[in-house]
Amino acid sequence: MLADHVPAWIALYDAADHRCLFANRGYAEAFQLTQDSIVGKHFSEVVGAEAYAQVRVYVDELVRSHKPVVYERELQRPGGTPVCLEIHLIPQFDDRGTLLGSWVLVYDITRHRVAERRLRESEARLDKFMQATVEGILFHRDGIMTDVNQPLCALTGWSAAELIGQHVLAYVADDELPKVREVMRSGQELRYETAIRHRDGSRVPVELIMRTMERDGEKLRMAVVRDIRDRLASEARIQHLAHHDGLTGLLNRGAFMERMGLMLRRAERSGEMLALLFIDLDNFKRVNDSLGHLEGDQVLTAVSERLVGALRAGDLVGRFGGDEFVVLLSELGSRDDIKVVLDALLSVVEVPVRADGRALSVTPSIGVAVYPDDGLQEDELIQHADTAMYRAKSRGRATYQFFEPALAETAYADLVLEAELAQGLTRNEFELFFQPQVDAATGRLSGAEALLRWRHPQRGLLSPDAFIFVAERHRLMLPLGEWVLREAAVTARRWREQQLTQGHGPMRIAVNLSRMQFNLDGFADTVMRLLQEAGAQGEWLELELTERLLIDDIEHAPATLSALRAQGLTVSVDDFGTGYTSLAHLTELPLDKLKIDQSFVGRLPDDAGAQAITRAIVQMAVGLGLTVTAEGVRTAAQWQLLAGWGCQQFQGELVGAPMPAAEFEAWVKAR
Ligand code: C2E
Ligand code: MG
Ligand code: MG
């Protein structure tokens with residue numbers, strides 16, 4: 001019964017004739033026999049000839065050595081899985097030690113073999129994986145490394161031989177030791193970030209994934225060591241990109257507003273004063289348009305570097321796009337402190353640029369809004385600083401303007417005005433006034449300056465000073481300027497048809513041009529087209545350009561001016577003396593006339609300084625072959641003085657104020 005129930009097949013064979021003496025049930029049935037029928041059968045009969053041939057050696061071995069023999073065999077069950085057997089041959093002796101027979105014990109060890117093979121395979125897989133992965137892997141037992149892979153060696157700078165046998169903590173960055181020690185003590189399976197020390201002493205941030213696993217029957221800790229330098233760097237970069245302007249590295253709008261909000265809340269508690277500077281660059285569009293975006297980008301970078309250089313570390317600097325920069329100043333004692341910074345910025349932020357061989361400078365126009373005086377909220381302060389900046393621009397370049405409540409009203413008024421201007425054009429509310437110009441020597445009428453007026457339906461007659469700056473800002477100046485030119489040309493023709501000019505000088509009509517018109521490509525062609533449409537000739541018109549406009553466009557100006565003069569138009573420099581340009585600069589340009597600004601004329605004859613300057617201008621201009629006109633002449637004393645220096649033409653109240661066309665025509669006839 002015992003033999004039938006042990007989990008083994010048992011049989012006894014005679015040593016002499018190899019016939020079966022006994023078999024338990026399992027053994028007999030394994031060979032499709034019964035316990036009775038198997039007895040007396042030869043070993044080869046039982047297991048089959050083929051198997052017998054294979055195991056003969058073991059049987060012979062037993063017979064020869066009289067010692068137990070163990071071997072394994074794999075049987076292919078028909079249609080089934082292979083069966084793995086472990087077979088023990090155990091010799092049986094009589095009292096004298098003579099070999100009587102051999103016990104055969106057969107164990108089915110298929111299960112063990114499968115498990116073993118699985119383990120071997122998984123070991124091989126792990127090995128392959130350790131070598132193939134780019135991540136460092138190490139195994140340690142109680143901290144002592146037992147295995148490492150190549151990537152870990154690369155990550156640490158040590159070879160596998162140097163690492164194995166060493167304690168892992170020896171390679172952890174000092175400040176990370178407590179954390180790593182704690183994870184090791186807890187034995188948890190987790191993922192965390194820490195840093196290791198490279199052989200060269202550098203610190204390498206890593207992510208560790210800790211697992212506990214059995215290997216070769218031992219409990220080991222496995223660590224996947226992942227280099228996260230790239231990830232940290234790109235995370236930092238993404239962080240930076242999200243908050244900074246890509247070109248200059250300054251804060252972008254979103255980040256600036258956010259930090260500004262924090263600073264405002266802090267100032268609210270501390271009662272501190274802050275100043276928001278809205279900065280727009282003068283001339284920048286010209287740089288971008290004429291030199292291209294690459295050059296433009298360089299200018300923006302230079303400006304941002306200088307801004308940052310001139311400010312304190314605690315000040316916020318941002319770029320809102322284009323050529324708009326914003327600065328938030330803190331730690332201010334008074335408004336005077338702001339002025340110190342503003343003066344510093346104005347002197348430092350000036351980028352000289354060479355455009356087509358001529359020097360141009362990019363300067364800042366700055367609007368300032370003060371917290372808490374000019375606003376408590378971010379939007380309000382920015383809006384007000386922006387308004388102030390526009391005013392600074394309209395006052396001329398490279399200057400600053402503090403916000404004043406009146407500016408806000410002006411800004412609103414400008415908006416209204418802009419809408420009304422567009423309407424005014426379609427409703428024909430504009431009109432030209434004419435102011436006579438006379439020849440000093442003969443007293444003859446030499447021409448008239450066309451001066452724009454707007455018969456505003458509610459506000460009455462408006463002078464250009466009241467609306468031109470708005471028109472220029474919103475490009476309405478282009479259609480408005482064309483209207484003026486057309487109207488002047490039509491008037492010039494009418495005067496000839498009416499023979500108004502007879503007995504008088506050339507009677508040219510002088511038309512003022514704005515920068516926007518003159519800068520336009522093909523301006524000379526536009527003028528020619530307008531003249532043609534009006535049936536007028538170039539000789540009947542004169543164009544007035546301000547000194548500043550000419551200097552700013554000195555690379556294109558000569559060609560445009562030459563084209564215009566070739567058609568008979570004369571060109572004069574208006575408001576001369578206010579632009580601080582040297583006369584020598586203007587000699588490069590094809591010009592006919594120079595108009596001395598009324599601010600100089602107005603100070604004559606008493607002001608010695610004005611006298612000296614005016615005389616010098618007149619004499620130099622005459623020397624250069626230019627006709628000199630004095631504008632704003634109001635007294636005979638002024639006339640005499642100017643005429644004495646060589647001034648050839650006069651315009652001003654002394655001769656006649658600007659008049660509507662009909663009135664002017666009557667005035668001429670009466671003369
Ligand atoms: P501007 O070209 O220097 O014109 C001369 C200005 O001086 C005119 O002012 C004229 O009325 C004024 N004026 C002339 N004689 C006297 C005088 O004896 N005393 C005083 N106090 N003023 C005198 P207005 O008409 O207000 O024009 C101002 C400026 O507006 C002009 O200065 C010109 O730059 C601009 N402007 C006028 N019409 C046009 C135009 O059609 N297009 C453009 N773009 N600008 C224009
Ligand atoms: Mg003028
Ligand atoms: Mg003038």
Side-chain angles (χ1 to χ4, degrees), residues 394 396 421 424-425 429-438 447-456 460-492 508-520 523 526-527 530 541-550 570-579 591-604 627-639 642 647 649-661 663-664 667:
S394 69
L421 265 173
L425 256 176
E429 291 167 4
F430 291 95
E431 189 178 324
L432 288 185
F433 273 35
F434 296 91
Q435 185 173 32
Q437 298 174 332
V438 296
E449 179 173 5
L451 295 161
L452 186 60
R453 295 291 181 269
W454 181 8
R455 289 207 186 273
H456 190 280
L461 190 69
L462 296 181
S463 285
D465 292 340
F467 58 87
I468 283 239
F469 67 98
V470 176
E472 290 200 313
R473 222 165 68 198
H474 301 284
R475 299 192 78 81
L476 272 168
M477 196 60 228
L478 292 178
L480 191 55
E482 271 202 22
W483 180 87
V484 171
L485 267 168
R486 185 180 297 114
E487 186 67 15
V490 168
T491 306
R508 291 174 188 270
I509 295 183
V511 175
N512 293 283
L513 294 182
S514 96
R515 174 193 304 271
M516 196 176 273
Q517 287 173 277
F518 189 70
N519 280 350
L520 211 63
F523 173 69
T526 309
V527 174
L530 289 170
L541 291 190
E542 178 170 304
L543 299 177
E544 293 194 3
L545 296 130
T546 62
E547 179 187 345
R548 185 165 252 165
L549 187 159
L550 285 169
T570 44
V571 178
S572 71
V573 184
D574 202 354
D575 303 345
F576 190 79
T578 57
L591 301 169
D592 300 289
K593 214 188 220 186
L594 203 120
K595 293 183 78 178
I596 298 175
D597 192 64
Q598 50 179 302
S599 62
F600 291 101
V601 177
R603 274 145 67 197
L604 298 177
T627 303
V628 182
T629 305
E631 57 182 6
V633 181
R634 272 175 287 188
T635 67
Q638 291 170 338
W639 176 301
L642 286 157
C647 189
Q649 283 183 355
F650 294 102
Q651 174 183 348
E653 284 166 8
L654 184 64
V655 181
M659 299 166 251
E663 197 178 312
F664 177 81
W667 182 87

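FYI, side chains are in, hydrogens and waters are out, and symmetry mates aren't considered; it's all heavy atoms of this structure. Remember, it's a predicted structure, so these values are computed and weren't measured experimentally. Order of listing sets the numbers, starting from 1, for every ligand and every atom in it.
Only side-chain heavy atoms of Met477 come within less than 4.0 Å of ligand 1; its backbone N, CA, C and O stay farther off. The parts of Ser514 lying near ligand 1 are both backbone and side chain, judged by heavy-atom distances below 4.0 Å. Residue contacts with ligand 1, taken as heavy atom pairs separated by less than 4.0 Å, do not involve Asp597 at all. Residue contacts with ligand 1, taken as heavy atom pairs separated by less than 4.0 Å, involve Ile468 solely via side-chain atoms from C-beta onward. With a heavy-atom cut-off of 4.0 Å, Asn512 touches ligand 1 through backbone and side chain alike. At a heavy-atom cutoff of 4.0 Å, ligand 1 is contacted by the side chain of Asp574 but not by its backbone.
Close to ligand 1: Arg453, with a non-hydrogen atom less than 4.0 angstrom away. Using a 4.0 Å heavy-atom cutoff, Gly481 is absent from the residues neighbouring ligand 1.
Put simply, the side chain of Phe523 reaches to within 4.5 Å of the side chain of Leu513, judged on heavy atoms. Using a 4.5 Å heavy-atom threshold, the side chains of Val628 and Phe576 count as separate. Counting heavy atoms from C-beta outward, Gln651 and Pro436 have side chains that stay 4.5 Å or more apart. Within the 4.5 Å cutoff, the side chain of Trp454 has no heavy atoms near those of the Leu480 side chain. Proximity of Arg515 to Thr546: side-chain heavy atoms (C-beta onward) are nowhere separated by under 4.5 Å. Residues Leu478 and Gln517 have side chains in contact (heavy-atom distance under 4.5 Å, counting atoms from C-beta outward). Residues Thr491 and Phe664 fail the side-chain proximity criterion, which asks for heavy atoms closer than 4.5 Å.
Close approach of ligand 1 to Pro658 (heavy-atom distance below 4.0 Å) involves ligand atoms 11 (O). Listed by number with element, the atoms of ligand 1 under 4.0 angstrom from any heavy atom of Arg634 are 18 (O), 19 (N). For ligand 1, the atoms lying closer than 4.0 Å to a non-hydrogen atom of Glu631 are 3 (O). Of all atoms in ligand 1, numbered sequentially from 1 with element shown, those under 4.0 Å from a heavy atom of Glu544 are 2 (O). Near Gly652, meaning under 4.0 Å from any of its heavy atoms, are these atoms of ligand 1: 15 (N), 18 (O).
In terms of distance to the Mg ion (ligand 2), the nearest N, O or S atom of Asp574 is named OD2. Within Glu449, the N/O/S atom positioned nearest the Mg ion (ligand 2) carries the name OE2. When distances from the Mg ion (ligand 2) to the N, O or S atoms of Glu544 are compared, OE1 comes out shortest.
Considering backbone and side-chain atoms together, Pro464 places no N or O closer than 3.5 Å to any N or O of ligand 1. At under 3.5 Å, a nitrogen or oxygen of Gln598, whether backbone or side chain, sits near a nitrogen or oxygen of ligand 1. Any N or O atom pair closer than 3.5 Å counts here, and Glu449 shares at least one such pair with ligand 1.
At distances below 3.5 Å, at least one donor-acceptor pair connects side-chain atoms of Gln638 with backbone N or O atoms of Leu604.
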Check against side chain to side chain contact (heavy atoms under 4.5 Å, CB included), Val655 and Gln437: CA-CA 7 Å; Val655 181; Gln437 298 174 332; over 6 Å; no
As a quick check of understanding, evaluate side chain to side chain contact (heavy atoms under 4.5 Å, CB included) for Leu432 and Val484, giving each step before the final call. CA-CA 7 Å; Leu432 288 185; Val484 171; 3.9 Å; yes
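Between Asp597 and Ser599, the side chains place a donor N or O and an acceptor N or O closer than 3.5 Å (distance only, hydrogens not considered).
Partner of Arg508 under the side chain to side chain contact (heavy atoms under 4.5 Å, CB included) criterion, chosen from Thr570, Leu543, Leu541: Thr570.
Within the set Gln437, Gln517, Glu653, the minimum heavy-atom distance to atom 18 (O) of ligand 1 is found for Glu653.
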